[in-house]
Amino acid sequence: MMSDPFALDDEPSDPPPAAVSPSAAWLDGLNPEQRQAVETTEGPVLVLSGAGTGKTRVLTTRLAHIIASGKARPWNILAVTFTNKAAREMRERVGGLVGGAAEQIWLGTFHALGAKLLRRHAGLVGLDSGFTILDTDDQLRLLKQVMEAEGVDGKRWPPQALMHTIQRWKDQGKPPARLKEDEGGDFAEGRAVALYRLYQERLRTLNACDFGDLLLHCLTIFQDPAHQDVLADYQRRFKYILVDEYQDTNVAQYLWLRLLAQSHRNLCCVGDDDQSIYSWRGAEVGNILRFERDFPGAAVIRLESNYRSTPAILAAASGLIGHNADRLGKTLRPGLPHADDGDKLVVRALWDGEEEARWVVEEVEAQQRRGVPLSQMAILVRAGFQTREFEERLITTGVPYKVVGGLRFYERQDSRDALAYFRVVAQPADDLAFERIVNLPKRGLGEASLQAVHLLARSQGLPLTQAARLLVETDELKPKARATLAALLADFERWRGLMAGTGPADLAQTVLDESGYTGLWQKEKSPDAQGRLENLKELVAALEEFDTLPGFLEHVALVMENDSRSDGAYLSIMTLHGAKGLEFDVVFLPGWEEGVFPHQRALEETGARGLEEERRLAYVGLTRARRRVFLSHAGNRRIYNQWQSSLPSRFLDELPAAVVEKSGETGLFGGGQGGWGGGWNGGSRAWRAEEPQAWAAPAPPEGGFAVGDKVFHQKFGTGRILNRDGNKLEIAFDKAGVKKVIDSFVSLA
DNA sequence: GATAATCCGGTTTTT
DNA sequence: CCGGATTATC
């Protein structure tokens, strides 16, 4: 990762290791299924591995097994992950088993491996091996430019929408040539595919790729009959292929794998259909189902012994996910004997979001007092905006916390500006980077001057830097602009000249100082200027670890992660998506309300697909916990500063009653508060009643309301009940209109 | 070419 | 209601 990405390393040729005895030590301690997954090396294998069933262990042991038993040399193995973190972890763990050989494995993310292959064969798709990898921001800007040039009304046809469509096409492995011209529907009067084609052409002239291209271009090469030798070479090279998080692969990735594995068919995919939560990004759970069809005779191995969670948590997760119809079917069972089922899952109803936050933080502190370290606890939310209330509460109580995810270092404005300078230096054809910094800091090269450069570049089909170089030879520009631009170009040249002799960190510092970018923030008096300067320092420091500037840029493009070490003593707050693959002793799952979780947008979708994905997300959340789960929902929530009442999530009803406990026997709104109607929170009685879950109507609360009753609600005032569905009421309020409310929150008026 | 005014949208986001 | 992004205005 840290070396020069353009280096065309090839396999070293040391002698093969001696074959090791078949009953090797690394197989010890695996359960029979795990062992089977490790030892079934030949032919297609699908490992369905539930949460907490030792997936990573199986993957790493399998790699070690193949190497140590002499079946293949490390460089004959291709191992693909989704995140850099997973790749790093895997390499470390394999290294622990087989030592330095782990370094030689072709191991990385789909995108990193795609980039590596593509740099070798860039010429075959009209690129130079030093191509730039654009981030989403640049992609959008580029597409906007294309649409503008084509006279497409960006108001009527938002570029974002087309960007999304193009990304989905790329996820499906479809370049423009493989699309019907009208595939984009009405968009821009049916010109979506044409715009896609133009966008791809622009990328090529800029010598750039977007993320999707890293795989799509590979596919194009692999599928081209004229380059069968290239594919054949890799097919021969990669004798064993391993894929992690298989449920998250998209069609392009699937095709990529299938082509590579076609001849020897030693393809092992590990995944869990119940944890597929990225379909909105193009992931196809269908790839799992397809597997057995495309690779007949595939061994299917199920890992169902869970070594992470208590029986109660497993029962809750299984009960919930059992409501999904579209799944392969897998049941988690405790992998180790347990003395008891463990604590029940706590479900708590709160008045509003603020109170929910207060309760959660109180429980966090209570757990802390019982000896659970903060680092072993996490609050998992559905969406980013939910973190605010918890942060506020944690700040006032002084509990250390960290919001995991959020803005990433290289995505910050200052980082991106600085990176644009580096990109222009490293890759003169990078127009997007050029545009970003040509007038930053302000040097009087405004729209007019830039327009002239653009015009020339367009007419001559040249990159902007090159067009600018021609332009400064003419009298096209005003003398001042001409001189400024000439000076800037001279700077670029000088910096490029330094590339060979100067370390990347020193070079970066020089570029930032001489360009005036550092000065821009030094002059700035705004409170965040200091922070930005520190970011720049950090950026330069990060460069120390790299041998070359292009190497660093590759890292930045492909490794968009926060290197947040999870060691400190703080509570983690993150989205459910961000929590996949992690585990904690105690997990808090707030905001289980209809419209929040499951999210409104998922509910509005037609069919059950969206809802099932939300449910898988809930399953992921539950299965993060080793010992305890605290769920909650608030009756009222302020969204966009408007009070909205919300009903408890249907997912709460889907948790088997036997393992759930409604917290607080007094109930927050139950007895004592004066006629809160004794809703389901009135105590644990109703909830503990038998097992009738899901669609069975919940038992009506004693002293429940009837249609027509006049009731009072704290936030909405008085109203009359229109409809009643169990404890959920539809009420026509005198002032607030018709609202759905849970009965615990109203009283007879 | 830089500020002020206004309009829009406001899940999730491994790369 | 807040924030950003585009537009209007000086």
Side-chain angles (χ1 to χ4, degrees), chain A residues 1 80-89 108-115 133-137 139-141 144 148 154-155 158-161 164 167 170-171 209-216 244-250 252-253 275-283 380-388 404-408 410-411 413 439-440 442-451 481 554-562 574-582 591 595-605 610 613-614 616-618 620-621 638-644:
Chain A
M1 267 295 162
V80 197
T81 62
F82 268 82
T83 64
N84 291 292
K85 196 173 151 214
R88 206 183 319 118
E89 204 175 295
T109 63
F110 273 105
H111 296 273
L113 291 164
I133 301 167
L134 299 185
D135 60 29
T136 43
D137 231 70
Q139 290 168 36
L140 191 63
R141 278 203 291 150
K144 269 186 195 158
E148 215 163 295
K155 278 260 161 58
Q160 332 261 23
H164 183 257
Q167 264 160 13
K170 291 190 175 182
D171 289 341
C209 275
D210 65 19
F211 269 114
D213 286 339
L214 296 175
L215 286 156
L216 192 64
D244 189 16
E245 304 282 13
Y246 182 62
Q247 76 282 348
D248 289 333
T249 52
N250 60 37
Q253 290 159 341
Q275 292 188 67
S276 161
I277 54 176
Y278 282 102
S279 74
W280 50 273
R281 267 180 110 274
L380 308 183
V381 296
R382 175 64 183 82
F385 71 84
Q386 291 174 267
T387 63
R388 211 200 70 238
V404 181
L407 260 198
R408 286 175 286 202
Y410 295 127
E411 280 173 342
Q413 191 204 324
N439 201 28
L440 189 87
K442 301 267 148 51
R443 43 171 79 89
L445 291 171
E447 194 131 2
S449 319
L450 206 55
Q451 203 61 46
E554 179 93 340
H555 170 84
V556 170
L558 292 173
V559 186
M560 296 285 277
E561 65 188 4
N562 281 323
M574 64 182 97
T575 63
L576 288 159
H577 283 92
K580 199 172 77 160
L582 304 178
V596 176
F597 189 38
H599 195 272
Q600 194 59 38
R601 290 274 253 271
L603 292 171
E604 283 160 10
E605 265 175 53
E613 181 144 322
E614 294 287 302
R616 290 193 291 268
L617 205 44
V620 167
R638 200 167 46 183
I639 297 175
Y640 311 136
N641 238 24
Q642 283 224 278
W643 280 98
Q644 289 206 300

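Proteins come first, then strands; the chains are lettered A, B, ... in the order of their sequence lines, and each starts at number 1.
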Review point. Below 4.5 Å, heavy atoms only, C-beta onward: do A/Lys144 and A/Gln139 meet side chain to side chain?
Key: no
The single option from A/Leu558, A/Thr81, A/Val80 that satisfies side-chain contact (heavy atoms from CB on, under 4.5 Å) with A/Leu113 is A/Val80
Distance check, P atoms only: C/dG3 and B/dT12, in whole angstrom units. 16 Å
request  = For A/Gly384, answer base if it contacts any base atom (sugar-phosphate contacts may also be present), sugar-phosphate if it contacts only those atoms, and nothing otherwise; contact means non-hydrogen atoms under 4.0 Å.
outcome  = sugar-phosphate
_Tell me whether A/Arg616 is salt-bridged to A/Glu613, with the criterion being a basic N under 4.0 Å from an acidic carboxylate O._
yes
A/Arg388 atom CZ is separated from C/dC2 atom P, nearest whole Å, by 10 Å
Atom CD of A/Gln644 and atom C1' of B/dG10 are separated, to the nearest Å, by 13 Å
Which of A/Gln253, A/His111, A/Lys580 passes side-chain contact (heavy atoms from CB on, under 4.5 Å) with A/Phe82? Answer is A/Gln253
* To do: For A/His577 and B/dT12, say yes or no: do the ring centres fall under 5.5 Å of each other while the ring planes differ by less than 30°?
  => no
Between A/Glu614 and A/Asn439, whichever has its closest DNA chain B nucleotide further toward 5' is A/Asn439
Between NE2 of A/His164 and P of B/dT13 the distance, given in whole Å, is 14 Å
| query | With a 4.0 Å cut-off on heavy atoms, is A/Arg382 in touch with a base, just the backbone sugar-phosphate, or nothing at all? | reply | base
Smallest heavy-atom separation, A/Leu576 atom then A/Gly621 atom, equals CD2-CA, 3.6 Å
For this session: Give a yes/no answer on whether the side chain of A/Arg601 brings an N or O atom under 4.0 Å of OP1 or OP2 in B/dT11.
Result: yes
From CZ of A/Phe385 across to C1' of C/dC1 the rounded distance in Å is 14 Å
Here the distance between atom C1' of B/dT13 and atom CH2 of A/Trp280, to the nearest Å, is 4 Å
Against the side chain of A/Phe82, the closest entry in B/dT15, B/dT14, B/dT12 is B/dT14
Nearest-nucleotide check on DNA chain B, A/Gly578 vs A/Leu445; residue mapping nearer the 5' end is A/Leu445
Does OP1 or OP2 of B/dT14 have a side-chain N or O of A/Asn84 closer than 4.0 Å? no
query = Is the closest basic N to carboxylate O distance between A/Asp210 and A/Lys170 below 4.0 Å?
reply = yes
message = With a 4.5 Å cut-off on side-chain heavy atoms, are A/Phe110 and A/Thr249 touching?
response = yes
Protein-nucleotides 7-10 of chain C N/O pairs under 3.5 Å:
unit_1	atom_1	unit_2	atom_2	d
C/dT7	OP1	A/Lys155	NZ	3.2

Counting any heavy atom closer than 4.0 Å, what does A/Gly114 reach on the DNA or RNA strands: base, sugar-phosphate only, or nothing?
nothing
Assigned chi class of B/dT11 under the 90° convention is syn
- Message: For a quick test of reading the model: is some side-chain N or O of A/Lys170 closer than 4.0 Å to OP1 or OP2 of B/dT15?
- Response: no
Taken to the nearest 0.5 Å, the spacing of A/Arg141 CZ from A/Thr136 OG1 works out to 11.0 Å
Donor-acceptor pair under 3.5 Å: do we get one between A/Arg281's side chain and the base of B/dT15?
yes
Can you find a side chain N or O atom of A/Thr575 that sits less than 4.0 Å from OP1 or OP2 on B/dT13? yes
One should read off an interatomic distance between A/His577 NE2 and A/Arg382 CZ, to the nearest 0.5 angstrom, of 5.5 Å
In whole angstroms, the gap separating P of B/dT14 from CG of A/Leu617 amounts to 14 Å
>> Just to be sure I understand the rule, does A/Phe110 reach a base, reach only the sugar-phosphate, or reach nothing, if contact means heavy atoms closer than 4.0 Å?
In response: nothing
To the nearest angstrom, the NE2-P distance between A/His111 and B/dT15 comes to 9 Å
Atom CD1 of A/Ile133 and atom C1' of B/dT14 are separated, to the nearest Å, by 16 Å
From the candidates B/dT15, B/dT13, C/dT6, the one with an atom nearest any side-chain atom of A/Lys144 is C/dT6
